[in-house]
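In this text the structure is predicted, and so the values were computed from the model without any measurement.
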Amino acid sequence: MEFDSPELKKEFEHQWQIISRGAVEIIPEDEFKAKVIRSIKENKPLRVKQGFDPTAPDIHLGHTVGIRKLKQFQDLGHKIVLIVGDYTGLVGDPSGRSETRPMLSYDELMANSETYQKQFFKILDRSRTEIHYNGEWFKEMEFIKYMHLATKFTVARLLERDDFAKRFKNGIPISVHELFYPLMQAYDSVAIRADIELGATEQTFNLLAGRTIQEAFNMEPQCILTLPILVGLDGQRRMSKSLGNYIGIDESPREMFGKVMSIPDEQIYHYFELATDVSLEELKKIRADLSQNNINPMDLKKKLGETLVDMYHPGGSGAEARQEFERIFSQKQLPDEIPEIDSRQLIELEIKPEAIYLVHLMTKTGLSKSNGEARKLIVGGGVYLDNQRITDPDFEFKLSRDMVLKVGKRRFLKLKAK
RNA sequence: GGUGGGGUUCCCGAGCGGUCAAAGGGAGCAGACUGUAAAUCUGCCGGCGAUGCCUUCGAAGGUUCGAUUCCUUCCCCCACCA
């Protein structure tokens, strides 16, 4: 790289260090660098794109890996362009999928996109962010234009992708509409004139498609930056709402902290790296501590939980969540706040306070999904009333004083005698 | 369009006239253990105040004392052929 001035060089190196941190691939790197340099020279922000399909109502830590990278670009003065994939959401991204996604209704997508946006701006600065729905261009697009897009790709190229290849080989159906997904995402880049597009590693194909299509529209192709995939609570599969292994950024401090504590120890480092802002030095130390066994992983995990809670909740919540966790799990005490129910509310649920059938109480108050489950929990030894384990599935009692019901490790209910 | 093979409980997958709420595995839940998690072991794993009753095996009909199992039609998937 050649620089016109030392200032330029300095600014570029500053930006590049931030941009490239944590990235898996930058394609093509030289072109990317050239764009950054040009942007500095001409004082013209890069247009950095990332799209999100609102297929589920919550943003989780997995999403934040990309969003936080966007934030870094934003802080460097670049223009963030968020695409809400209302139309791509209808089609459903086949990336990393082993089967066709269920099609959502447009109404569902729109409802999700509202909560999405609210949550995006817990991280990004709204006033400096451009948002587009891709329906803006797809809604009015002529059929022939879709066909034009389709001429730019061959079936062989689409099918060589690992996810499709596997499905094809295993006889799992691939519908034609799924083949269109990458083309749609690619066209988004044309529509908003993207310079850069971000995505998780599994997005590489779609991101590269953007380059192809932009060139077909006589546009300078975008450069791409891919980021690691955050593994979910099970420690195995990617974090995703549909797998139920996610930590939502809108979850309560207590919930968030508890979920962090349940991740496998091996993931502690990755979570610090991908989901928090800890400095490079700290990261190094964490890695060393873990590999040399000179720290109890639990303590690091608590720190991780605290850090994450603080990132998404106002001051002090992290420490509180931690204390709460320690109180309940380490000291096996009661949480400081327990949902309450009084005798009047019980009567409304058709439960007589003078003769409470425990199974019904649990089901009607939502502590168990069905009477059957309640019985199983009782017989299985997971139910305590005032610290007394109840094992009789037919147990009945009279509510003559305040009592605390505990179901499993973390479900509590205070019964008020009043 | 033709031929063949399929659709089973959250997922995978056995069952092929009664002994089937349906083997086995996975996931999940609870318990024991523990420094959180994991690993391991144990139990549960459609609903019901429950040695019985009710609703399930792609959908609708039919045969039968009895159908997840047999027949018919329909829907969907896969392979090969076109």
Side-chain angles (χ1 to χ4, degrees), chain A residues 97-103 164 166-176 178 231-238 240-247 254-272 286 289-290 293-309 318 321-332 349-352 355-364 366-385 388-397 405-412:
Chain A
R97 282 268 162 166
S98 57
E99 57 187 68
T100 308
R101 284 172 179 272
M103 281 225 180
F164 282 150
K166 270 197 195 130
R167 283 165 66 177
F168 200 65
K169 184 163 164 268
N170 295 329
I172 297 163
I174 301 170
S175 300
V176 174
E178 296 182 77
V231 168
L233 301 178
D234 55 4
Q236 300 286 328
R237 296 168 300 177
R238 53 168 305 136
S240 99
K241 172 89 176 181
S242 54
L243 293 173
N245 62 356
Y246 71 102
I247 302 176
R254 189 172 146 181
E255 194 69 20
M256 197 183 261
F257 192 91
K259 283 188 176 183
V260 171
M261 292 308 287
S262 81
I263 66 171
D265 288 355
E266 305 79 64
Q267 293 300 326
I268 295 174
Y269 178 78
H270 298 294
Y271 272 64
F272 268 113
I286 289 166
D289 282 345
L290 281 168
N293 272 331
N294 52 14
I295 190 168
N296 181 343
M298 180 179 69
D299 291 327
L300 265 183
K301 215 188 272 183
K302 283 179 179 171
K303 186 181 163 203
L304 175 66
E306 236 181 289
T307 308
L308 284 166
V309 170
R322 174 192 189 133
Q323 283 158 18
E324 179 83 355
F325 181 88
E326 287 169 349
R327 188 177 312 132
I328 300 171
F329 292 93
S330 310
Q331 298 158 30
K332 298 207 191 299
L349 291 173
E350 293 168 27
I351 295 174
K352 297 189 208 107
I356 299 177
Y357 179 41
L358 182 57
V359 165
H360 275 178
L361 174 69
M362 287 167 62
T363 307
K364 297 244 168 123
L367 292 174
S368 60
K369 286 197 201 73
S370 66
N371 294 355
E373 190 189 70
R375 285 168 168 279
K376 285 160 202 157
L377 287 166
I378 293 168
V379 174
V383 178
Y384 290 79
L385 187 63
Q388 283 266 303
R389 178 182 269 176
I390 307 296
T391 52
D392 173 12
D394 295 319
F395 185 77
E396 280 189 33
F397 65 101
L405 177 65
K406 180 184 180 197
V407 176
K409 282 195 187 69
R410 42 191 310 185
R411 280 168 277 175
F412 295 90

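- As rounded to the nearest Å, B:G5 and B:G58 have C1' atoms that lie 16 Å from one another.
- Pair check for B:U72 finds B:A60; Watson-Crick or G-U wobble, both atom distances under 3.5 Å.
- Evaluation of the ring pair (Phe, Tyr, Trp, His ring centres under 6.0 Å) rule for A:F168 yields no partner, not counting sequence neighbours.
- Distance CG (A:N245) to C1' (B:A27): 12 Å, rounded to an integer number of Å.
- Nucleotide B:C29: paired with B:G43 (Watson-Crick or G-U wobble, both distances less than 3.5 Å).
- For the C1' atom pair drawn from B:G46 and B:A32, the interatomic distance equals 28 Å after rounding to whole Å.
- Nucleotides B:C12 and B:C81 are separated by 31 Å at their C1' atoms, to the nearest Å.
- Nucleotide B:U55 has no partner under the Watson-Crick or G-U criteria, as no pair reaches both atom distances under 3.5 Å.
- Between A:H360 and A:R237, the residue anchored closer to the 5' end of RNA chain B is A:R237, taking for each the nucleotide with the nearest heavy atom.
- Interface residues of residues 370-378 of chain A facing RNA chain B, ordered by number: A:S370, A:N371, A:G372, A:R375, A:K376, A:L377; criterion, heavy-atom separation under 4.0 Å.
- The gap from the P atom of B:C16 to that of B:U42 amounts to 29 Å, rounded to the nearest Å.
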Exercise. In B/S/- notation, 5' to 3', how is nucleotides 32-42 of chain B contacted by protein heavy atoms closer than 4.0 Å?
Worked result: S--BBB-----

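- Among residues two or more places apart in sequence or in another chain, the side-chain contact (heavy atoms from CB on, under 4.5 Å) test is passed with A:T391 by A:R389.
- Nucleotide B:G1 is matched to B:C81 when pairs are restricted to Watson-Crick or G-U wobble geometry with both distances under 3.5 angstrom.
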Hey, can you pull the donor-acceptor pairs under 3.5 Å for the side chains in residues 258-268 of chain A, sequence neighbours left out?
from	atom 1	to	atom 2	distance (Å)
A:K259	NZ	A:Y246	O	3.0
A:K259	NZ	A:E251	OE1	3.0
A:K259	NZ	A:E251	OE2	3.1
A:S262	OG	A:K259	O	2.9
A:D265	OD1	A:K301	NZ	3.1

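- When the P atom is used for both B:C53 and B:U3, the distance is 46 Å, rounded to whole Å.
- Pairing for B:A23 is absent, judged as Watson-Crick or G-U wobble with the two contacts each under 3.5 Å.
- The shortest heavy-atom contact between A:I351 and A:L361 is CD1-CA, 3.7 Å.
- Between A:I174 and A:G380, the residue whose closest nucleotide on RNA chain B is further toward the 5' end is A:G380.
- With rounding to whole Å, A:K369 atom NZ is found 7 Å from B:C29 atom C1'.
- Taking the syn range as angles within 90° of 0, the glycosidic angle of B:U51 is syn.
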Could you run down the sub-3.5 Å N/O contacts of the protein with nucleotides 57-59 of chain B?
none

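- Qualifying side chain to side chain donor-acceptor pair (under 3.5 Å) partners for A:K166, counting only residues two or more places apart in sequence or in other chains: A:D162.
- Between A:L361 atom CG and B:G49 atom C1' the separation is 14 Å, expressed in whole Å.
- Whole-Å rounding puts the A:Q236 CD to B:A27 C1' distance at 12 Å.
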For this session: Take A:I390 and A:F397, measure what side chain to side chain contact (heavy atoms under 4.5 Å, CB included) needs, and give me the verdict at the end.
Result: CA-CA 11 Å; A:I390 307 296; A:F397 65 101; over 6 Å; no

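- Pairing each heavy atom of A:Q236 with each of A:V231, the nearest pair is N-CG1, 3.5 Å.
- Rounded to an integer number of Å, the gap from CD of A:E350 to P of B:G49 is 13 Å.
- Rounded to a whole angstrom, the distance from the P atom of B:G15 to that of B:G6 is 11 Å.
- Of the candidates A:K332, A:K302, A:R254, A:K302 is the only one forming a salt bridge (charged side-chain N to carboxylate O under 4.0 Å, His left out) with A:E326.
- Nearest heavy atoms, A:F272 versus A:T307: CE2-OG1, 4.4 Å.
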Seminar exercise, completed: B/S/- along nucleotides 2-12 of chain B (protein heavy atoms under 4.0 Å) is -----------

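- A:Y357 OH to A:N371 CG: the interatomic distance, rounded to the nearest 0.5 Å, is 6.5 Å.
- A:E396 comes within 4.0 angstrom of a nucleotide base, judged by non-hydrogen atoms across all strands.
- With sequence neighbours excluded, the residues that form a side-chain contact (heavy atoms from CB on, under 4.5 Å) with A:E306 are A:A319, A:R322.
- Contact detail for A:V359 and A:P393: the closest heavy-atom pair is CG2-O, 3.2 Å.
- Checked against ring pair (Phe, Tyr, Trp, His ring centres under 6.0 Å), A:Y269 has no partners two or more places apart in sequence or in another chain.
- Between the P atoms of B:G18 and B:U69, the separation comes to 11 Å (whole Å).
- Separation of the C1' atoms belonging to B:C11 and B:G62 is 33 Å when rounded to the nearest angstrom.
- A salt bridge does not link A:K376 to A:E373: none of the charged nitrogens lies less than 4.0 Å from a carboxylate oxygen.
- When the side-chain nitrogen and oxygen atoms of A:R411 are compared with OP1 and OP2 of B:A30, one or more of them lie within a distance under 4.0 Å.
- Every side chain to side chain donor-acceptor pair (under 3.5 Å) that A:R167 has, sequence neighbours left out, goes to A:T100, A:E178.
- Residues satisfying the ring pair (Phe, Tyr, Trp, His ring centres under 6.0 Å) criterion with A:F325, sequence neighbours excluded, are A:F257, A:F329.
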